[in-house]
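Worksheet: the structure to be examined is printed underneath.
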Amino acid sequence: AAPASAPEPETQGVPRVSADEHEQYFIADGANTAGPALRLSAEELEPADPLFDDQWYLLNGAAGEFDINVVDAWDDYTGEGVRVGVFDDGFDRDHPDLDANVNLALDYDYTDGDFDATWVLADDDHGTAVAGIIAAEQGNGIGGVGVAWDAELLLFRGFGVFETSYGADNLLDAAGFGDGTGNTNGDSTANAADIFHMSGGTGSSVFLTGSHYDTVSAAIANVVDNG
């Protein structure tokens with residue numbers, strides 16, 4: 001007898017399972033598709049989150065325009081197992097598009113000296129936006145997606161402290177090499193971030209001020225040259 005043909009893909013809301021058996025929810029050509037052996041091209045594969053179509057920087061369908069060319073990577077890399085430390089002005093730690101990825105046990109507020117990096121002032125909204133760009137959840141039916149939607153977020157409130165010597169202590173804490181003063185989680189590499197993000201710039205109360213500019217520029221150049 002002839003071998004049975006493979007079943008047609010389901011067309012209802014079912015998960016697509018990648019080769020590493022990590023569940024991901026996608027839309028393919030207008031219908032959800034599932035199956036560990038099914039590999040879709042970048043052009044066919046899109047997260048189902050309702051605002052993804054507005055995230056042109058992730059996938060830009062306009063002729064002659066650009067995006068960050070990340071869609072191909074999502075077949076194999078979604079940020080799972082990676083910790084990203086974000087230093088900024090404060091965060092909505094309970095935001096429904098972030099809460100599954102935020103590690104509440106390891107965040108810290110360097111401005112007020114406590115273990116709650118929640119925003120305080122009404123205009124402290126930059127940190128939440130940045131955290132979402134990095135690791136907004138995928139497949140939850142709301143919002144958009146982050147570049148690395150499975151990454152773990154360590155949130156640190158203290159956007160303007162880096163121009164001081166205390167700022168160096170903050171970075172050591174995030175890397176797990178702190179002295180345990182203040183942020184008592186910062187003295188263990190088990191609590192460390194793998195990647196740090198800081199939305200720095202030039203001017204008052206930000207990272208690249210005055211005498212620090214040459215040092216920081218040299219450090220960036222060293223990373224570019226040597227990894």
Answer with yes or no whether the side chains of Asn103 and Glu152 bring together a donor and an acceptor at under 3.5 Å. yes
Go through the side-chain N and O atoms of His126 and Asp89 and say whether any donor and acceptor fall under 3.5 Å apart. no
Please list, chain by chain and in numerical order, all residues satisfying side-chain contact (heavy atoms from CB on, under 4.5 Å) with Ala136, sequence neighbours excluded. Asp97
Rounded distance (nearest 0.5 Å) linking atom [atom1] of [X] with atom [atom2] of [Y]:
X	Y	atom1	atom2	result
Phe52	Leu58	CZ	CG	5.5 Å
Phe87	Leu154	CZ	CG	9.5 Å
Thr111	Asp124	OG1	CG	8.5 Å
Leu172	Phe177	CG	CZ	8.5 Å

Which residue pairs pass the salt bridge (Lys or Arg N to Asp or Glu O under 4.0 Å) test with at least one member in residues 54-70, sequence neighbours excluded? none
Kindly determine whether Asp109 and Asp116 satisfy side chain to side chain contact (heavy atoms under 4.5 Å, CB included), including the steps that lead there. CA-CA 6 Å; Asp109 184 340; Asp116 185 347; 5.7 Å; no
Evaluation steps, side chain to side chain contact (heavy atoms under 4.5 Å, CB included), between Val86 and Leu153: CA-CA 7 Å; Val86 185; Leu153 291 167; 4.1 Å; yes
Indicate if [X] and [Y] have the same hydrophobic cluster label, given that clusters are the connected sets of ILVMFWY residues with side-chain heavy-atom separations under 4.5 angstrom.
X	Y	answer
Val84	Tyr57	no
Leu106	Met198	yes
Trp149	Ile68	yes
Leu104	Ile134	yes
Tyr77	Val82	no

For the backbone of [Y] and the side chain of [X], can you confirm whether one donor and one acceptor N or O come within less than 3.5 Å of each other?
X	Y	value
Trp74	Pro47	no
Glu137	Leu98	yes
Asp92	Asp94	yes
Asp49	Val145	no
Asn101	Ala135	yes

If you define the side chain from C-beta out and look only at heavy atoms, does anything of [X] sit under 4.5 Å from [Y]?
X	Y	value
Asp173	Tyr110	yes
Asn170	Phe156	no
Asp107	Arg93	yes

Transitive ILVMFWY cluster of Leu51, excluding itself - 4.5 Å side-chain cut-off: none
Could you give the side-chain donor-acceptor pairs of residues 190-197 under 3.5 Å, partners two or more places apart or in another chain?
residue	atom	partner	partner atom	Å
Asn191	ND2	Asn185	O	2.9
Asp194	OD2	Arg83	N	2.8
His197	NE2	Ser199	OG	3.0

Any idea which heavy atoms bring Asp179 and Thr181 closest together, and the distance? OD1-N, 2.9 Å
Of the non-hydrogen atoms in Ala148 and Gly79, which two are nearest, and what is the gap between them? CB-CA, 3.9 Å
Step by step, work out the salt bridge (Lys or Arg N to Asp or Glu O under 4.0 Å) result for Arg157 and Asp112. CA-CA 9 Å; Arg157 180 172 178 255; Asp112 292 340; 3.1 Å; yes
If the condition is ring-ring contact (aromatic ring centres under 6.0 Å, His included), which residues does Phe115 pass it with, not counting sequence neighbours? Tyr108
Contacts of type salt bridge (charged side-chain N to carboxylate O under 4.0 Å, His left out), residue Asp53, not counting sequence neighbours: none
